[in-house]
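Worksheet for the structure shown next.
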Amino acid sequence: MSAMLCTTDVPVTGVDTCPPSWSTNPEYQGQESYFGGESPLSLTVGYLVVLGFGVLFSVFTTAVVYIDKIFAGNASMTSEQFNTGGRMVKTGLTASVIVSQWTWAATLLQSSNVAWNYGVSGPFWYASGATIQVLLFGVLAISLKDVAPSAHTMCEIVRARWGKTAHLTFLFFAFCANIIVTSMLLLGGAATVQALTGMKYELASFLIPWGVILYTSAGGLKATFMASYLHTMIIFAVLITMITIVYIKVYSSDLIYDFLDNTVTYSKEDCMNIYSKDGNGLDSFFLDADGNKQMACGEVANNSQGSYLTMLSGDGLMFGIINIVGNFGTVFVDQSYWQSAIAARPSSAAKGYLLGGICWFAIPFSLATSLGLASTALMLPINSSEAGSGLVPPAVADHLLGSAGSALVLIMLFMAIVSTGSAESIAVSSLVAYDIYREYINPDATGKQILWVSRVVIVAFGIFMGLFSIALNAMGLNLGWVYLFMGVVIGSAVIPLWNLMTWDKASGKGAVIAAWSGLVLALTGWMVAAKIQGDAVTVATLGTNEVMLSGNLIAILSSGLIHYVYSKFIDGEVFDFSTLDSNIHLVEQDLSGLGAEQQDKNELRRAKRWITRRGYLLTFALILVWPLLSIPAQVFSKSYFAFWVLVSIAWGFGAAITISFLPLFESQDEIGRVFSGMFNYMTGRKGDADQYAEEDEAAPVKTVDEPVKDVVEKDVEDASFNEFQQVLSEDKAEDKAE
């Protein structure tokens with residue numbers, strides 16, 4: 001298949017070669033947008049996906065949690081289990097959960113938008129600029145396991161170290177992060193559901209959260225983790241399908257290269273004629289009222305030789321910097337990532353985050369390298385408004401596979417929304433339950449009360465976010481705008497939170513001053529930059545790359561500088577990290593994941609060294625080495641582009657295999673216990689198969705992380721808890737001695 005000679009029913013003045021997509025779809029000529037108000041899928045499909053999948057996952061996760069409890073003998077649902085998942089999640093499932101909750105609607109939609117805008121640099125900067133935060137967060141994850149293993153939330157740690165004022169400050173930023181992330185899920189999700197099925201935007205925004213509310217409120221963090229694994233498998237399955245269709249079945253890297261090369265050969269006048277109804281440019285819709293390009297045609301501004309096939313892209317690099325700064329905020333300030341660290345067993349926390357980051361890289365990089373670049377190569381009639389709303393992937397999928405492609409992207413998107421949405425819901429419920437209700441309303445709250453508050457908050461937050469996303473859309477804010485804006489609001493909290501876990505001289509008062517000052521300076525600089533560049537402060541002028549870059553950089557850099565100066569030169573107090581965990585209290589004496597074996601200080605130090613070295617090395621490779629190695633190529637040759645595509649395909653397949661099978665391999669013993677328990681139940685026995693071995697085994701010695709079951713006397717529970725406290729005290733004393 002190749003670009004066709006321009007012999008259409010309506011001749012295009014001065015153009016010899018038509019856009020490639022016209023050869024199979026001549027009706028694209030004269031279209032001002034791809035979807036044009038017409039939906040490729042029926043409204044029934046929209047309801048089936050939005051409501052049906054929510055019910056399906058509710059039934060699935062509830063059944064799995066119940067089976068795990070009945071047949072594997074795992075703990076009943078307590079507030080600790082609901083909000084921490086038992087603190088014993090293994091490496092593979094931790095990685096799967098990280099991939100799942102880091103795969104936003106923006107990951108699938110915005111990554112292809114930047115490919116549509118900047119070419120090959122867009123997918124790379126999206127992927128690398130949002131991977132390094134997960135890699136580096138692994139350092140905080142293992143630090144948390146070392147100094148605050150009993151924590152439920154990051155704000156609980158802030159309160160334990162820095163006091164009430166800092167606690168309220170970072171609680172505000174944590175809620176901002178959760179609201180912004182959920183807003184992006186619903187903005188992108190509702191826009192795509194509307195475009196693909198015709199469902200009204202407002203209705204989609206309101207209904208989508210219910211798919212999250214149902215199973216999250218029922219099963220808590222464990223249900224979220226189990227559902228996230230299934231979500232991730234489905235996302236990778238669709239990803240592999242799209243890569244295969246674009247580069248193996250329908251086209252090839254050489255063909256896409258030729259098409260991309262052809263796209264930039266058109267002059268401005270040619271593009272005006274191509275994107276007009278009469279073919280002579282008189283009624284052209286190529287430019288908007290402000291003279292900006294609305295269609296992917298002609299040279300790319302600020303790219304080397306105007307090509308899509310180069311990493312030398314000024315706007316692509318600018319987006320990369322904004323992406324890096326903004327995503328530090330949405331990882332380090334988002335309670336859901338701290339919650340995943342809390343849930344992981346200490347030996348799995350560091351490895352899980354590293355593996356999760358590496359596997360997640362494939363989703364935006366591979367998906368946008370296929371669907372995003374195909375959109376500009378084929379010159380589909382996707383306008384800038386559709387691209388900004390995240391409609392590039394569904395448009396390309398619909399073009400290649402028809403209604404089946406639209407349905408696959410819709411399912412993939414819904415998986416991303418509910419997986420991240422459930423993580424955000426649990427995060428908000430934990431913050432409210434532990435940092436507001438327990439801290440300021442009912443200090444003597446029981447586990448049952450904490451559990452009730454958590455579930456109520458999940459429902460209330462889902463309803464609130466549905467209404468809030470409708471309000472954002474009414475204000476004219478789309479997914480792309482909010483994505484660039486997030487770092488302006490929450491960037492100032494990043495460095496103080498890093499210092500909280502890693503620097504013994506970090507001042508609490510300095511952290512408060514730095515966070516609020518950074519926010520005020522960022523908002524001021526952001527609006528001043530919009531006024532200088534655009535002569536007016538509007539949604540449009542505030543949303544340009546240059547203006548967003550200024551706000552993002554001011555937020556994170558000013559905050560870091562203020563906190564360092566105040567802590568170093570004004571407040572010189574040194575904090576003893578060994579005292580931190582003693583200021584954090586469990587609601588129930590559920591000591592799973594908190595035993596002596598899990599708190600081995602030598603193992604924790606080795607794990608911290610392991611993740612620190614690899615996290616910094618991979619960060620250096622992704623944001624410096626890889627881009628620098630691509631500079632000599634300038635505009636990619638056909639063979640260089642073929643290698644680039646091969647890397648994206650291999651990374652996608654490798655990540656899919658790893659994230660799908662590693663959790664199953666690691667959990668084979670637990671899965672075996674469940675099946676043996678089910679077998680024994682069906683044959684009239686009780687317990688799992690181990691109890692029916694030919695040789696009797698001695699009863700295992702109870703340890704502090706395996707509390708004695710079926711004993712309700714309070715003195716026995718107190719003895720177990722006191723034994724645990726004694727073990728921790730001995731560990732801390734040994735640590736001081738070293």
Original post:
Of F328, W102, Y353, which meets ring-ring contact (aromatic ring centres under 6.0 Å, His included) against F137?
Top reply: Y353
Subject >> Distance-only donor-acceptor check, side chains Q101 and S340, under 3.5 Å >> reply: yes
Original post:
With distance as the sole criterion, is a donor-acceptor pair present between the side chains of N327 and T330 under 3.5 Å?
Top reply: yes
Original post:
If only atom types and distance count, is the side chain of N583 paired as donor or acceptor with the main-chain N or O of R161 below 3.5 Å?
Top reply: no
Original post:
Between the main-chain N or O of E573 and the side-chain N or O of K505, is there a donor-acceptor pair closer than 3.5 Å?
Top reply: no
Subject >> By side-chain contact (heavy atoms from CB on, under 4.5 Å) - contacts of Q449 (at least two apart) >> reply: Y437, N442, A445, T446
Subject >> side-chain contact (heavy atoms from CB on, under 4.5 Å) partners for V459, two or more places apart >> reply: W210, I213, I463
Original post:
Measuring from L171:CG to C176:SG, what's the distance to the nearest 0.5 Å?
Top reply: 10.0 Å
Subject >> Matching residue for W360 among I98, L355, T107, I659 - test: side chain to side chain contact (heavy atoms under 4.5 Å, CB included) >> reply: T107
Subject >> Residue list, salt bridge (Lys or Arg N to Asp or Glu O under 4.0 Å) with E156, at least two apart or on another chain >> reply: R438
**OP:** Only counting residues at least two apart or in another chain, list the ones meeting salt bridge (Lys or Arg N to Asp or Glu O under 4.0 Å) with R609.
**Re:** none
List the atom pairs, donor and acceptor, that lie under 3.5 Å between side-chain atoms in residues 510-520 and the rest of the protein, sequence neighbours left out.
from, atom 1, to, atom 2, distance (Å)
W516, NE1, T169, OG1, 3.0
S517, OG, I513, O, 2.7

Subject >> Listed once per pair and sorted, the ring-ring contact (aromatic ring centres under 6.0 Å, His included) pairs that draw on residues 482-505, sequence neighbours left out >> reply: Y126-Y483, F332-W498, W481-F485, F485-W526, W503-Y564
Subject >> Heavy-atom side-chain contact between M486 and M184 under 4.5 Å >> reply: yes
